[in-house]
Amino acid sequence: MAVSRRDKADFYTKKAHSEGYPARSVYKLEEINQTHKLIKPGDTVLDVGAAPGSWTLYTHRCLIKGNGKIVSCDLNPLSLDPVPPTVIEITGDAFSKEIRPRLVAEGPYDAIISDAAPMTTGNRIVDTTRSEYLAEQVTILAEEHLKPHGNMVIKIFQGGGEQEILKKMRTMFAKAKAFKPKASRDDSFEIFLIGLDRK
Ligand SMILES: C[S@@+](CC[C@H](N)C(=O)[O-])C[C@H]1O[C@@H](n2cnc3c(N)ncnc32)[C@H](O)[C@@H]1O
C-alpha cells in the first residue's frame, strides 16, 4: 500500500519525539551519515542552523558519541534540555561580523553540517535566493576552516544555484554530490550537497 505524504510526516515526527529529538530533521542527518560517513568520534563539528537541536543531539549521541566538540549556531536558541556537554552553543547570525569570528575561533573543523534555511515567504525566487546565500556562506567557511580530509553537508533549496555550489565543491573535495534523503518531505524542494575528503 502506498504511504501518503501525511503518514510519512507523522511517522517521522512521532519517531523523533519518542526518541527525544525536538525535530524530525534528525532522520535526514541519520541517513546522510549512514550512507556517507561524515562524522566520527572525537571530531570537532560545526552545526550551522542548529535549532531546535536534533542534528546537534544526534551528533552528540550517535556520531561523536560524547567524545569531541560540537559548535552549534543558530539565530534562535537550542531547545535541548540539558544542552549536551560536548556542545558550545552560539546564538546569532552565523555570518555576521560578531558571530562568524567566534565560529572561526572554535575551529578548524573535521566536519561542517548545515541544515540552515531562511524563513520561507512562499515566493520561490526569494526563498531559493536566500537559501543560496546561506549555502554559499557555509561553503566559504568550509574553504577557510575545514581541515584536510574533512567532510561537509549543506542544505540548499533546488533552483537556488545548487549546480554552481556543487561545481565549487568538486574543486574542494575528492567527492561531491547532491542527495535527497527519504525523510525529506516529498513536496520539499530542499536537497543536500555532500562533500567528502577535503583536498
Ligand atoms: C530547518 S531548521 C534546522 C533544524 C536543525 N538542523 C535540527 O535538526 O533541529 C533551519 C534553521 O536555520 C536557521 N538559520 C537561518 N539562517 C541562519 C543564519 N544566518 N545563522 C544561523 N542560523 C540560521 C534558522 O533559524 C532555523 O532554525
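Whatever order the structure lists them in is the order used to number ligands and atoms, beginning at 1.
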Donor-acceptor contacts under 3.5 Å from residues 154-166 side chains, at least two apart:
from, atom 1, to, atom 2, distance (Å)
K155, NZ, D115, OD1, 2.9
K155, NZ, E190, OE1, 3.2
E162, OE1, G159, N, 2.9
E162, OE1, G160, N, 3.2
E162, OE2, G159, N, 3.3

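- The contact shell of ligand 1, taken as protein residues with any non-hydrogen atom closer than 4.0 angstrom, comprises S25, G49, A50, A51, P52, G53, S54, W55, D74, L75, N76, G92, D93, A94, F95, D115, A116, A117, L134, K155.
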Which pairs of donor and acceptor atoms, one on a side chain in residues 97-107, lie under 3.5 Å apart (sequence neighbours left out)?
from, atom 1, to, atom 2, distance (Å)
R100, NH2, E144, OE1, 3.1
E106, OE1, K69, NZ, 2.8

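- Between K40 and D43 a salt bridge is recorded (basic side-chain N to carboxylate O distance below 4.0 Å).
- Sparse packing is recorded around NZ of K175, with 12 or fewer heavy atoms of other residues, nucleotides or ligands lying under 6.0 Å away.
- Counted by atom type alone, Y58 and E19 present zero donor-acceptor pairs between their side chains at under 3.5 Å.
- Listed by chain and residue number, R61 satisfy the side chain to side chain donor-acceptor pair (under 3.5 Å) test with Y21 (two or more places apart in sequence, or in another chain).
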